[in-house]
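These figures come from a predicted structure and were not determined experimentally. Ligands are counted one by one from 1 in listed order, and the atoms in each one are counted from 1 as well.
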Amino acid sequence: MYAVTEHVIESLATAGWYVGRSIFSGRLTAMLSDRAAILVQSGALNVARIGRGDAAAANADVRRDATLWLADVPVHAAEREALAAVHALRTRLNETLYVGVREAELHFAHYEPGAFYRTHRDRFRDDNTRVVSLVFYLNCDWPDDAGGELVLYADDDSGTVVTKVPPRAGTMACFLSDRFPHEVLPATRERYSLTGWLRRAA
Ligand code: OGA
Ligand code: MN
């Protein structure tokens with residue numbers, strides 16, 4: 001975990017993004033993958049919304065995933081461990097890059113086959129507290145031709161692709177929330193992730 005964390009920090013500092021091995025162990029990723037599948041089966045996820053508070057609206061033209069926020073102190077052991085690992089990364093980021101991120105929020109996300117999330121940035125017009133976006137993929141044996149990639153684009157709105165990430169278990173993606181427009185392409189199978197943000201205080 002230590003070595004991976006240092007890679008994430010180095011990459012965020014130089015390029016503003018990281019894609020590679022997850023800070024979660026294989027065992028934790030497998031537990032989260034099982035947990036996500038059970039939550040989806042039990043109907044615990046909600047149709048995802050766009051924006052915050054009163055402005056939040058479900059908009060199926062923009063995004064078609066369903067999500068479930070983790071509690072601040074999760075009861076489930078894997079969720080608690082995941083949040084602890086994210087807080088450890090948060091602390092290390094503050095120590096090395098002085099980014100001043102005080103909070104972490106995480107949600108499970110599930111995309112049905114064909115579901116997508118159109119190009120967007122992870123900052124709300126009315127809330128600029130999100131500093132770092134994190135995505136932990138939870139899909140074992142994801143075939144190359146299954147789609148569902150996360151596509152990161154250059155900040156200049158030229159449409160230049162920075163990287164394209166298959167949502168394979170054991171991979172994490174991480175980027176500065178205000179810098180990279182990005183989208184989720186439709187997949188031929190169900191797509192699970194744990195997605196989150198490091199935030200500075202409001
Ligand atoms: C998001 C998002 C990317 C992904 O939830 O805001 O962009 O790969 N997710 O799931
Ligand atoms: Mn996003």
**OP:** Go through the steps to decide whether Tyr153 and His182 satisfy the test ring-ring contact (aromatic ring centres under 6.0 Å, His included), and finish with yes or no.
**Re:** CA-CA 6 Å; Tyr153 295 101; His182 56 281; 9.0 Å; no

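As for His182, its N/O/S atom nearest the Mn ion (ligand 2) is the one called NE2. Nearest N/O/S atom of Asp122 relative to the Mn ion (ligand 2): this is OD1.
For atom 8 (O) of ligand 1, the nearest non-hydrogen atom from the set Tyr137, Tyr192, Phe175 belongs to Tyr137.
For atom 3 (C) of ligand 1, the closest heavy atom belonging to the protein is Val184 CG2, 3.5 Å.
Counting heavy atoms closer than 4.0 Å to ligand 1, residue Trp197 contributes side-chain atoms (C-beta onward) but none from N, CA, C or O. Residue contacts with ligand 1 for Asp65 are absent, since no atom lies close enough (heavy atoms, distance under 4.0 Å). With a heavy-atom cut-off of 4.0 Å, Arg191 touches ligand 1 through its side chain alone.
Relative ring orientation between Trp197 and Trp69 is described as tilted, the plane-to-plane angle lying within the 30° to 60° band.
Applying the side-chain contact (heavy atoms from CB on, under 4.5 Å) test between Trp17 and each of Val165, Thr163, Val8 identifies Thr163 as the sole match.
With contacts defined as side-chain heavy-atom distances shorter than 4.5 Å, the pair Phe116/Glu183 does not qualify. Side-chain contact between Leu45 and Thr67: absent, with no pair of heavy atoms (C-beta onward) separated by less than 4.5 Å.
Checked by distance only, ligand 1 and His182 come closer than 3.5 Å through their nitrogen or oxygen atoms. In terms of N/O distances under 3.5 Å, ligand 1 is not approached by Tyr117.
Using modelled atom types, one side-chain atom of Arg191 and one backbone atom of Gly148 make a donor-acceptor pair closer than 3.5 Å. Judged by distance alone, the side chain of Asn94 and the main-chain N or O of Val101 form a donor-acceptor pair under 3.5 Å.
Within the 4.0 Å heavy-atom shell around ligand 1 one finds His120.
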